[in-house]
*Asks:* 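Quick one: structure below, then a few questions.
Residue numbering restarts at 1 for every chain, and letters A, B, ... go by the order of the sequence lines.
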There are 2 protein chains.
Amino acid sequence: MDRAGNIEGIFRDLRRVVHALELYSKDVNARFGLTAPQLWALWELGRDGPLALGALAQALQLHPSTMVGVVDRLEDKGLALREPDPADGRRIRIGLTLKGRALLKQAPHPAQGRLVHGLQAMSDRRVVEIQRALGTLVRVMEAEDLDAQFFFSET
Amino acid sequence: MDRAGNIEGIFRDLRRVVHALELYSKDVNARFGLTAPQLWALWELGRDGPLALGALAQALQLHPSTMVGVVDRLEDKGLALREPDPADGRRIRIGLTLKGRALLKQAPHPAQGRLVHGLQAMSDRRVVEIQRALGTLVRVMEAEDLDAQFFFSET
DNA sequence: CTCCAATCATTTGTGGTCAAATAAATGTGA
DNA sequence: TCACATTTATTTGACCACAAATGATTGGAG
């Protein structure tokens, strides 16, 4: 197995992982009525109390304009609530409703579910290896240095 | 670093990898006027000649209804073309236009960018480790998907 | 040959994501 | 004080992704 083949394989596997994550989100939605971002936001709100929209977006690593829609849907479901921030007229405070708090007690942790079962069944060594590999990927992909566009040799 | 922390970290890193992939798609779009799925579809069409919509969706691991929009946009840009399949009235044949073929010659490989740059700069051992870890992840995640499908198809 | 199930592309609806533009409120410097 | 840049949330527009429903076509069973 040559190097180009390895890199090709990494890309293919990444796409498959992304795909599986999306299906997992749909599955969570079907079982709990919440998509993965919605559940994650709910969990974050339950942890850090009322948050401004920007702070919540930051916590979830999402664009603020993306966050608006997610919060809208949580509000539509009666799980979260927007309130004006008395200290700063620009800000809002997003908090959980009683219903949201109740649901949070029953819902799975965002990083939980059948997917985690597979990881839990692995040896510690395996888990650490995956974590280290992903950490390397994140570092590489989030590296700021650009350029270097045209030097991939295809077979 | 405990085990739960490792699994937490894996999820966090997965989200960041997904995020980076999305930004990469936007970046490709800004540079070449093509999003990652569009570029990938173009590349696949240039490889395997005219394809039916379903076959193309299969090649990209996308839902057929998703593929429709991507092909629409490629057609709007004059890069691809739908033709009725003379042998089967239900099927269409999606092919590249001359313009599409010309663009494909200049466009980067779909699996290009920051990530490839980083991977190429790594040691072989590192690349193999990443590949193996992702392979394990894919097996676990796709196995869970199969379980879910089996579980939900029992009615 | 006819009826009917399977296949294929598409449409519709929901949701996620970003960037860019907008509006309101805040804070700051002259 | 007042003009102006900054911050914050939102809207708009484009794209991606899926599931479910639809319409047309095909192919097989009787």
*Asks:* Rounding to an integer number of Å, can you tell me how far B:Leu60 CG sits from D:dC16 P?
*Replies:*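 Answer to the nearest Å: 11 Å.
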*Asks:* Please answer: with hydrophobic residues joined when any side-chain heavy atoms are less than 4.5 Å apart, are B:Leu81 and B:Leu79 in the same cluster?
*Replies:* no
*Asks:* Expressed as a whole number of angstroms, how long is the span from B:Ile94:CD1 to C:dC8:P?
*Replies:*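 Interatomic distance, CD1 of B:Ile94 to P of C:dC8: 13 Å.
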*Asks:* Set out, line by line, the N/O atom pairs under 3.5 Å between protein and nucleotides 22-27 of chain D.
*Replies:*
residue: D:dT26; atom: OP1; partner: B:Gly89; partner atom: N; Å: 3.0

*Asks:* Calculate the interatomic distance between A:Arg91 atom CZ and C:dA25 atom C1'; express it in whole Å.
*Replies:* 11 Å
*Asks:* Of all residues at least two apart in sequence or in a different chain, which pass the salt bridge (Lys or Arg N to Asp or Glu O under 4.0 Å) check with A:Arg125?
*Replies:* none
*Asks:* Report, as a single string ordered 5' to 3', how protein heavy atoms within less than 4.0 Å touch nucleotides 12-20 of chain C: B base, S sugar-phosphate only, - not at all.
*Replies:* ---SSSBBB
*Asks:* Who passes side chain to side chain donor-acceptor pair (under 3.5 Å) against A:Ser25, sequence neighbours left out?
*Replies:* none
*Asks:* Rounded to the nearest Å, what distance is computed from the CG atom of residue B:Leu21 to the P atom of nucleotide D:dA17?
*Replies:*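 It works out to 11 Å between those atoms.
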*Asks:* Just to verify, what does B:Glu129 make a salt bridge (Lys or Arg N to Asp or Glu O under 4.0 Å) with, not counting sequence neighbours?
*Replies:* A:Arg132, B:Arg126
*Asks:* Expressed as a whole number of angstroms, how long is the span from B:Trp40:CH2 to D:dA17:P?
*Replies:* 12 Å
*Asks:* Please identify each residue that fulfils side chain to side chain donor-acceptor pair (under 3.5 Å) with A:Arg91, with sequence neighbours left out.
*Replies:*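 Residues passing side chain to side chain donor-acceptor pair (under 3.5 Å) with A:Arg91: A:Asp88.
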*Asks:* Identify each donor-acceptor pair in which a side-chain atom of residues 48-62 of chain A lies under 3.5 Å from a protein atom, sequence neighbours left out, and give them as a table.
*Replies:*
none

*Asks:* Between A:Gln58 (CD) and D:dT8 (C1'), how many Å, whole number?
*Replies:* 13 Å
*Asks:* Nearest whole Å is fine: how far is D:dA17 P from B:Leu53 CG?
*Replies:*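 Distance, rounded to whole Å: 13 Å.
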*Asks:* Given 3.5 Å as the limit, does a donor-acceptor pair link the side chain of B:Thr35 with the main chain of B:Asn29, or not?
*Replies:*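 No.
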*Asks:* Going by side chain to side chain donor-acceptor pair (under 3.5 Å), name the residues that satisfy it together with A:Arg16, two or more places apart in sequence or in a different chain.
*Replies:* B:Glu142
*Asks:* May I have the distance from A:Leu51 (atom CG) to D:dT8 (atom P), rounded to whole angstrom?
*Replies:* 13 Å
*Asks:* Filter on side-chain hydrogen bond (donor to acceptor under 3.5 Å, both in side chains), then keep only pairs touching residues 73-82 of chain A, sequence neighbours left out; what's left?
*Replies:*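 Residue pairs passing side-chain hydrogen bond (donor to acceptor under 3.5 Å, both in side chains), neighbours aside: A:Gln38-A:Lys77, A:Asp72-A:Arg82, A:Glu75-A:Arg82.
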